[in-house]
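Shown next, in structure tokens, is the structure this report addresses.
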There are 2 protein chains.
Amino acid sequence: MMEQYTSKREYLQALENLSHLPEGFFCSTTSLTFFSKEMSVKKPYNMNLALLALIQDTESFAAVFTRNCFPGAPILINKERLSQNSLRGVLINNKVANVSTTDGKKDAEQLLEILAQEMGTSASQFFCASTGVIGWKLPVDEMGNKISQLVSYLKNDSILPVAEAIMTTDAYPKVREQRVGLGKILGIAKGAGMIEPNMATMLVFILTDIHVQKQVLQESINWAAVNSFNRISIDGDQSTSDMALLFSSNKIPLTNIDDFNQALLYVCQQLAEDIVRNGEGVKHVIKVQVVNAPSLELALGTGKAIINSPLVKTAIFGNDPNVGRIVSALGDFLGNTNTVVNTAAISISLGGINIFSNNSFYLDMHKERKLSNYLKDCSFSIEKGYPPHDKNVEITVNMAQGREKVEVIGTDLSYDYIKENAEYRS
Amino acid sequence: MMEQYTSKREYLQALENLSHLPEGFFCSTTSLTFFSKEMSVKKPYNMNLALLALIQDTESFAAVFTRNCFPGAPILINKERLSQNSLRGVLINNKVANVSTTDGKKDAEQLLEILAQEMGTSASQFFCASTGVIGWKLPVDEMGNKISQLVSYLKNDSILPVAEAIMTTDAYPKVREQRVGLGKILGIAKGAGMIEPNMATMLVFILTDIHVQKQVLQESINWAAVNSFNRISIDGDQSTSDMALLFSSNKIPLTNIDDFNQALLYVCQQLAEDIVRNGEGVKHVIKVQVVNAPSLELALGTGKAIINSPLVKTAIFGNDPNVGRIVSALGDFLGNTNTVVNTAAISISLGGINIFSNNSFYLDMHKERKLSNYLKDCSFSIEKGYPPHDKNVEITVNMAQGREKVEVIGTDLSYDYIKENAEYRS
């Protein structure tokens, strides 16, 4: 849980305190201006470049990627990099996602080549990551010209400028840390729109100085991602560029792998929540708990059906406890699975108040008023403090016919979401 | 294709011309005021009651229903009615959906009992249909008091008042007819929000005077529904109350069942398009054609993934040809199926312009401008004529790895959609 502050400035100062890089890392950022070859209107766009690097190569790194069938060039390149014996860091840009252009892979490799020359190593030692508009080409010349500067800026200091540089429509930077023994795990994320389970549309970079072998590290990030990033959804879209990268500098001995995993999970869950809370135009964060389900698959499907229903999302945005829509979304999902479900056993609560069981609603004026006030209380705005409070609209579906449970996190659907997405490239 | 008129009045006059009931039917409407027991604010709500009836019982009737797991009381009752030997008509109300209340079935049966007494028959001779807020109880007393009047108003005239009475957030009534030999098929629909394949959230009533046996009629409506109502989607929700009911008065001999089926399909497809075009806050209708797919399932999933993507929908609302989102939505879907798909074979066009093939975009300033103008041209508003024109944003996905094809119809996502759904009950 993060404290609230009265201004963005105070909040960023507080973030600064937990943003110091672990031992063995440095980072830097810079920016540039370019014209898009694909847009009919000739106007300049700004792009940020960022570099997260190890002071020495490491053999300990891991990654998880989107399952989207049209992966961006960075995903294709990074998947190849996983078989390298050692890596040195990652080059990141915002504004252009480098997805599905004719020479996307070549463009990115060319930039990594320039970076490698500056760093005195080979291009195969670097991951790359891009976020932004799909279908645009990277402005390779403009980016290439900035890389020498980017390398000269490297220092072992705060990761906060990188967390800010990778933002697109994010309202604030996302940094989370957790200490484990003498070491730490530090993570940053870029999220906002296009967020959905199975590697939400996002970039996540996690750095640690705790010594963990490559294979173990990969198992840890797989497990942590399934239980954090794959449980969130803003608009049901899994992007072409989602990834979470994890590096260790191996400077601090590992004492206990379970402690490490729990700390990693904590960082991932906190970043996942930050991404949702900071989603485009979000006014409510919605948490759906599905408990006592006959299978994990059914539990997840149930949670996602509710959290992705535009009718549920708009009602919550309007602070309207139109609970029929929750039941309708659930019934729609269950009616289209092949599983036989005993609907009479299912009960549903909103904000801890039972609203539905035995195939019937239990509603009255008194409850209606209570639920409406509950939704208002859960809505947030910058005026209420910075960052917004961490209250959630809590929906629980008790299926009472099994032992599986899952929690998914999503958002309401607001005018601002439409505004940001209708005008994203203008 | 429907003509455009300069005012709603002219349009309704034109609708009137095709709204005459087939032989053997009559209909009536009335309205009433009630207070909801479930709302915390004490204010009056208006409800319309409508009756579609046969002058004599018929043995020829058929129906298709939602697959939602929490069906409304009318769905439960109507499913029972299907095994009756003969039916007399259907009682319809808007404003309250009669879903998941403790006595929903009893309430509806009580009203049908009153209706049956007025009509000199039994309650089991009537279907019922309700649309509106889920979770509210029917105002049985207020409705019951109006039924005698409703019956006294019955006449063999225009179905247009019924098409108007069943509206909720619909912008205009929906009536379609098709002549077959000496008979006709006349259909009305209520749609707007909460529309999705597998019996979209809607009420559809189709009347014909052509003699078709019960079992054949059921096969005909099954086939027509799959190829019309189950191919549309406004917001991915399949409601608890969707149904299409079909009655024949058997007054005109059937000449050819194929002609009848084609006419029925035409009426259903036209009504389905009307429902989409009249969806809440819709500014663009989107048609996705998926061709040369390896399976019908994959074709349908592909179409639905694109048509239900909030990012695709908002970009089109903003007349922004952000075509990367189409590819991203497609890749998300394909990446999560277990089918192996050759992505390099897939090509995508927007408005007939090729935008993507061989895993790459083919975009330039010239195309961008053309696509942007195309989207603007496809947007509609009441100012451009009444009803809005019937242009569609046409997206074609050629999978080039099979022979299945499907067309799905959906809408953009606009501020007005949010407004209507955030404030639906206020």
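The basis for the numbers below is simple: all heavy atoms, side chains too, and nothing from hydrogens, waters or symmetry mates. Fair warning: this is a prediction, and the values are worked out from it, not measured in the lab.
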Side chain to side chain donor-acceptor pair (under 3.5 Å) partners of B/T343, counting only residues at least two apart:
B/N359
What residues form a salt bridge (charged side-chain N to carboxylate O under 4.0 Å, His left out) with A/K105, not counting sequence neighbours?
A/E80
When only pairs under 4.5 Å are counted, which of B/S100, B/G72, B/S360 shares the most heavy-atom pairs with chain A?
B/S100
Taking every heavy atom of A/C69 against every heavy atom of B/G335, the minimum-distance pair comes out as SG-N, 3.8 Å
Relative to chain A, which segment of B/I346 carries a heavy atom at a distance below 4.5 Å: side chain, backbone, both, or neither?
side chain
The residue among A/H284, A/K283, A/K376 that forms side-chain hydrogen bond (donor to acceptor under 3.5 Å, both in side chains) with A/N319 is A/H284
When only pairs under 4.5 Å are counted, which of A/Y362, A/F356, A/F70 shares the most heavy-atom pairs with chain B?
A/F70
Might you point out which heavy atoms bring B/A329 and B/I306 nearest each other, and give the distance in Å?
CB-CA, 4.4 Å
Segment of A/I316 engaging chain B (4.5 angstrom heavy-atom cut-off)
neither
What part of A/V99 is in contact with chain B, defined as an atom under 4.5 angstrom from a non-hydrogen atom: side chain, backbone, both or neither?
backbone
